[in-house]
Amino acid sequence: MSTSVKHEMALQDLLVKMSIDPKWSPDIKNGKFQQTVKKMNNEELLQINISAFHSERKGRWLQILAQLTPMFAMGIPLLKEELSISSDNELMETNAFNEFFSSPFLWNIEFSIPHPLGYGKGIEKATAFIYFLRSYKEMLPVKLMELFELEYAIFKASYKLPSKNTSLMDGMLYKNTSATIMNTNYDVLSVIEGSGDFHGLLPYESFYIVSPLNKTYRINSDYYHLLTSFEEGHATDDLTDSERNIIASALTLRILCSNPMDIEEQLITHKR
């Protein structure tokens, strides 16, 4: 596989990449970093204290983990168990996290939610991490991946305040972009609620809705299938009375709305 790289990279971007991405480590002989600085005629950048560099890089890795831990407070400790490690330092050195630090999910700002205060994308790292886990899910137990997905849904729902106004049941309705409608093979919500032991979970098909009003509910399969039909938009003209009752409840919980982007740009506190 070719190790050639483009060299039209700004110096600041190069240094950031070097400080986090293990594949851009300056001590990899003829690696991406060494090739790039030579093409930029900045070979003096190779004269660094490697030991100090590794210490600083680990600090940056731990900063990223510190951002993720509150959003995945249940999942990350269980991931450590799955990988047979006990400390954050060990977690940072695993192949899984090394792959995350090099993954396009972390480096492409499109894998992030726009900041509620208007700072743009790329601030929060939970979205990048869940996309990486989805690419890695064949290596993880199903119930652990489902727990991560539910924790991400709760984070996403809490990131922005919902609209103050409930949409009317007229015309087309859509799933709110901050809401999540889930179907899982295990009742992972019971782990978050504290009523279930993760290791003792047996297969049990479950359905949830995660509301931008900071509430998560269990629903039945009929409720689930009706709501998922609104993922890409659905007219309300032909609903039965029982379906209209379900939709009215979903509108109140801001699961559905008339405009899928109708979310106020305000930050609310993440669940801890």
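What you are looking at is a predicted structure, and each value in this text was computed from that prediction instead of being measured. Heads up: numbering here begins at 1 and tracks the sequence.
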*Counting distance only, does the side-chain N/O of Glu146 pair as donor-acceptor with the main-chain N or O of Tyr186 below 3.5 Å?*
yes

*Does Phe155 have its ring centroid less than 6.0 Å away from the ring centroid of Tyr159?*
yes

_Which heavy atom of Ile48 sits nearest to which heavy atom of Pro26, and what is that distance?_
CD1-CG, 3.3 Å

*asked:* Using only atom types and a distance under 3.5 Å, with no angle test, would you say the side chain of Glu43 pairs donor to acceptor with the backbone of Lys38?
replied: no

*So how far is it from Arg134 CZ to Tyr152 OH, rounded to the nearest 0.5 Å?*
6.5 Å

_Flag, side chain of Glu243 to backbone of Leu226, donor-acceptor distance under 3.5 Å_ = no

*Where do Ile76 and Leu65 land on the side-chain contact (heavy atoms from CB on, under 4.5 Å) test, with the steps shown first?*
CA-CA 9 Å; Ile76 286 180; Leu65 180 61; 3.9 Å; yes

*Is there a side-chain contact between Leu79 and Phe72 (heavy atoms, below 4.5 Å)?*
no

*asked:* Quick check: do Trp24 and Leu14 have side-chain heavy atoms less than 4.5 Å from each other?
replied: yes

*Check whether any side-chain N or O of Gln34 sits under 3.5 Å from a backbone N or O of Ile28 as a donor-acceptor pair, and report yes or no.*
yes

_Distance (rounded to the nearest 0.5 Å) between Ile154 CD1 and Met74 CE_ = 10.0 Å

*Min side-chain heavy-atom separation Asn185-Pro203 under 4.5 Å*: no

_Other residues, nucleotides and ligands only: do more than 12 of their heavy atoms fall within 6.0 Å of CD on Glu193?_
yes

*asked:* Could you measure the distance from the CZ atom of Phe101 to the NZ atom of Lys23? Nearest 0.5 Å is fine.
replied: 13.5 Å

_For the student: nearest non-hydrogen atoms of Leu140 and Leu144, plus distance_ = CD2-CD2, 4.3 Å

_Pair Lys17-Lys32, side-chain contact (heavy atoms from CB on, under 4.5 Å): steps then yes or no_ = CA-CA 10 Å; Lys17 192 80 168 171; Lys32 293 180 178 181; over 6 Å; no

*After noting the C-alpha distance and the side-chain angles of Tyr223 and Ser249, does the key distance pass the side chain to side chain donor-acceptor pair (under 3.5 Å) rule?*
CA-CA 11 Å; Tyr223 203 129; Ser249 173; 3.3 Å; yes

*Phe129/Phe97 aromatic ring centres below 6.0 Å*: yes

*Could you give the distance from CE (Met182) to CG (Leu189), rounded to the nearest 0.5 Å?*
9.5 Å

*Just by modelled atom types, is the Arg254 backbone N or O under 3.5 Å from a matching donor or acceptor in the Asn176 side chain?*
yes

*Note, Ile192 side chain near Thr216 side chain (heavy atom, < 4.5 Å)*: no

_Once rounded to the nearest 0.5 Å, what's the spacing between atom CZ of Arg60 and atom CG of Asp21?_
13.0 Å

*Under 4.0 Å between a Lys/Arg side-chain N and an Asp/Glu carboxylate O for Glu149 and Lys137?*
no

*Distance in Å, Asn245 CG paired with Asp241 CG, rounded so as to fall on 0.5 Å steps*: 7.0 Å

*Taking all atoms of both residues into account, what is the closest heavy-atom pair of Ala73 and Glu151, and its distance?*
N-OE2, 3.1 Å

*At their closest point, which heavy atom of Asn98 faces which heavy atom of Met92, and how far apart are they?*
ND2-O, 3.0 Å

*asked:* Ignoring hydrogens, what is the shortest heavy-atom contact between Leu201 and Ser190? Give both atom names and the distance.
replied: CD2-OG, 3.7 Å

*Taking Ser211 for the side chain and Leu253 for the main chain, is one N or O donor matched with an acceptor at less than 3.5 Å?*
yes

*Between Ile20 and Trp61, does a side-chain contact (heavy atoms from CB on, under 4.5 Å) hold up when you go through it step by step?*
CA-CA 7 Å; Ile20 296 174; Trp61 289 354; 4.2 Å; yes

*asked:* Do Asn42 and Thr36 make a side-chain contact, defined as non-hydrogen atoms from C-beta onward lying under 4.5 Å apart?
replied: no

_Tell me whether Asp197 at atom CG has more than 12 heavy atoms from other residues, nucleotides or ligands lying less than 6.0 Å away._
yes

_Please tell me whether Phe100 and Phe105 form a close aromatic pair, meaning their ring centres lie under 6.0 Å apart._
no

*Between Glu56 (side chain) and Ser19 (backbone), is there a donor-acceptor pair under 3.5 Å?*
no

_Could you see if Ile64 belongs to whatever hydrophobic cluster contains Ile109? Use Ile, Leu, Val, Met, Phe, Trp, Tyr and a side-chain cutoff under 4.5 Å._
no

*Do Glu90 side-chain atoms and Ser86 backbone N/O form a donor-acceptor pair below 3.5 Å?*
yes

*asked:* Applying side-chain contact (heavy atoms from CB on, under 4.5 Å) to Leu106 and Phe132, what does each step give before you reach the verdict?
replied: CA-CA 8 Å; Leu106 182 62; Phe132 170 73; over 6 Å; no

*asked:* Please find the pair of heavy atoms, one from Leu227 and one from Ile255, that lie closest to each other, and give the distance.
replied: CD1-CG2, 4.3 Å

*asked:* Using the rule that Ile, Leu, Val, Met, Phe, Trp and Tyr join whenever any side-chain heavy atoms are under 4.5 Å apart, tell me whether Phe207 and Tyr204 fall into a single cluster.
replied: no

*With the side chain counted from C-beta on, respond yes when Phe33 and Leu46 share a heavy-atom pair under 4.5 Å apart, and no when they do not.*
yes

*Does any N or O in the side chain of Asn183 come within less than 3.5 Å of the main-chain N or O of Ser206, such that one atom is a donor and the other an acceptor?*
yes

*Any side-chain heavy atom of Gln35 within less than 4.5 Å of one from Asn30?*
yes

_Test item: Arg57 and Ser25 side chains (from C-beta on) under 4.5 Å apart, heavy atoms_ = yes

*More than 12 heavy atoms from other groups under 6.0 Å of CD on Gln12*: no

*Is it true that Ile50 and Met18 fall in one hydrophobic cluster, defined by side-chain heavy atoms closer than 4.5 Å?*
yes

